[in-house]
Number of protein chains: 2
Amino acid sequence: MDKSTLINIIRRYEQAHFTIERRLNALFRDMMPEELTVDQFLTIRYIRHNARTTSSELADAFCVGKSSITAIITRLVDKGLIARVPAPEDRRVICLTLTSEGERLSETLEEKMQELIGDCIRHFDAEEGRQFIETYEKLAQVLLQSPAGEENGSS
Amino acid sequence: MDKSTLINIIRRYEQAHFTIERRLNALFRDMMPEELTVDQFLTIRYIRHNARTTSSELADAFCVGKSSITAIITRLVDKGLIARVPAPEDRRVICLTLTSEGERLSETLEEKMQELIGDCIRHFDAEEGRQFIETYEKLAQVLLQSPAGEENGSS
DNA sequence: CCTTATAGTTCAACTATAGAACTATTCTAG
DNA sequence: CTAGAATAGTTCTATAGTTGAACTATAAGG
């Protein structure tokens with residue numbers, strides 16, 4: 001890719017990314033029930049798909065410090081949506097699991113969120129969708145390999 | 001697009017979107033100088049490219065309430081990066097402009113951010129980049145037309 | 001005029017976040 | 001085996017962003 005093409009795409013990416021990020025987040029916020037924030041939902045969704053995860057794993061996945069996760073987890077435990085389960089094999093570790101209510105709520109909201117995203121992307125034809133998602137996943141891969149949020153910088 | 005293809009893409013979009021959003025945000029955060037947050041940078045960048053904007057316009061663009069914008073603006077004024085300029089033609093309106101320091105800082109950071117995004121997307125060849133950005137912009141268009149954050153819901 | 005709408009601010013309450021200090025474990029090297 | 005380092009998680013303080021309601025000031029329109 002030559003330089004001017006790259007610059008053009010960067011500029012357009014910034015613009016589109018901003019719009020999508022802000023708008024989608026607003027739609028998600030409106031979709032949430034009274035008692036749950038978007039971040040809290042993303043947390044229970046993560047736990048639902050990654051059974052017996054831990055605070056440290058969540059901190060890595062969400063690219064935030066562990067104390068942020070403690071705060072979110074505490075709120076979710078208070079709401080009765082998740083439980084802290086000490087791990088028998090390593091007594092420093094606390095495994096996180098959904099309660100049945102958390103399970104039910106997460107499933108319901110995941111469906112609603114999928115509908116919402118579906119409404120956005122059903123406009124594209126299958127080939128366009130396939131090409132788009134493949135590049136988008138490549139982008140995610142690039143970011144997974146770059147040192148985002150790693151505590152041990154290379155310097 | 002048939003149903004199973006759509007469902008497959010939705011699932012993959014959710015996953016990739018989460019990764020990209022979180023990782024990119026962490027990279028942006030690390031890039032920021034001590035005295036500025038990502039949201040504050042996005043605000044001065046918006047003002048730089050939309051001269052004499054207002055709180056209401058920012059609230060629309062960022063999909064948040066006006067009181068959030070007031071808070072951010074106040075912090076940026078305190079840091080000497082932007083100025084509140086009363087509009088002569090309508091005395092309810094306050095126009096926002098960058099100070100020369102805000103201008104300089106925003107420009108510097110925009111360049112750094114473009115480099116960072118460039119590092120992520122230079123992996124793609126020109127054709128893939130072109131196709132991706134076109135679909136991505138279509139998605140942004142869909143979201144601009146949907147009622148995200150609108151106060152006057154259709155119901 | 002008087003009412004209604006609009007632009008922006010203030011305030012209280014809450015969530016998310018960072019970072020440092022801390023406790024409790026586990027690992028590791030001598 | 002034990003002392004020190006590393007790891008998992010929490011607590012605490014401070015700050016930023018957010019909402020929503022109440023408020024001020026101005027403008028527009030009957």
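Chain identifiers are assigned alphabetically (A, B, ...) following the order of the sequence lines, protein sequences preceding nucleic acid strands; residue numbering begins at 1 within each chain. Remember, it's a predicted structure, so these values are computed and weren't measured experimentally.
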Carboxylate-amine/guanidinium contact A/Lys112 A/Asp30, below 4.0 Å: no
Sugar-phosphate, base or nothing in reach of A/Thr37, heavy atoms under 4.0 Å: sugar-phosphate
Selected nucleotide, minimal atom distance to A/Ala71 side chain, candidates D/dT10, C/dT17, C/dG8: C/dT17
Length of the CD-P vector between B/Glu57 and C/dG8, whole Å: 10 Å
Distance, rounded to the nearest Å, where B/Leu36 contributes CG and D/dA16 contributes C1': 12 Å
Side chain of A/Val93 - closest among D/dG17, D/dA8, D/dT10: D/dA8
Sugar-phosphate, base or nothing in reach of A/Ile72, heavy atoms under 4.0 Å: sugar-phosphate
Closest heavy-atom pair and its distance - A/Cys95, A/Ala87: SG-CB, 4.0 Å
Carboxylate-amine/guanidinium proximity below 4.0 Å for B/Lys138 and B/Glu134: no
Proximity to the side chain of B/Lys66 - top-ranked nucleotide from C/dT9, C/dT17, D/dG9: C/dT9
Of B/Ile69 and A/Asp90, the one whose closest DNA chain D nucleotide lies more 5': A/Asp90
Closest listed nucleotide, where the reference is the side chain of A/Ser55 and the choices are C/dA16, D/dT10, C/dA24: D/dT10
Rounded distance (Å) that lies between atom P of D/dT10 and atom CZ of A/Arg75: 13 Å
Rounded distance in Å - CG (A/Leu42) to P (C/dT17): 10 Å
Nucleotide of C/dT17, D/dT18, C/dT9 approaching B/Arg22 most closely (side-chain heavy atoms): C/dT17
Heavy-atom pair of closest approach, residues A/Cys63 and B/Ala26: CB-CB, 3.8 Å
Side chain of A/Ser67 (C-beta onward), nearest among D/dG17, D/dC12, C/dT17: D/dC12
Earlier contact from the 5' end, DNA chain C, for A/Phe62 and A/Glu89: A/Phe62
Rounded distance (Å) that lies between atom C1' of D/dT10 and atom CG of A/Leu58: 15 Å
Sugar-phosphate, base or nothing in reach of B/Ser56, heavy atoms under 4.0 Å: sugar-phosphate
Side-chain N or O of A/Arg91 closer than 4.0 Å to phosphate OP1/OP2 of D/dG9: no
Ion pair check, B/Arg12 and A/Glu137, cut-off under 4.0 Å: yes
Nucleotide C/dA16, atom P - distance to CZ of B/Arg29 in whole Å: 14 Å
Plane angle bin for A/Phe62 and B/Phe18 - parallel if under 30°, tilted between 30 and 60°, otherwise perpendicular: perpendicular
Below 4.0 Å: OP1/OP2 of C/dA18 and any side-chain N or O of A/Ser68: yes
Proximity to the side chain of A/Arg92 - top-ranked nucleotide from C/dT10, C/dT25, D/dT18: C/dT25
Sugar-phosphate, base or nothing in reach of A/Thr54, heavy atoms under 4.0 Å: sugar-phosphate
Rounded distance in Å - CE (B/Met32) to P (C/dA18): 14 Å
Interatomic distance, B/Ile73 CD1 vs D/dA16 C1' [rounded to whole Å]: 14 Å
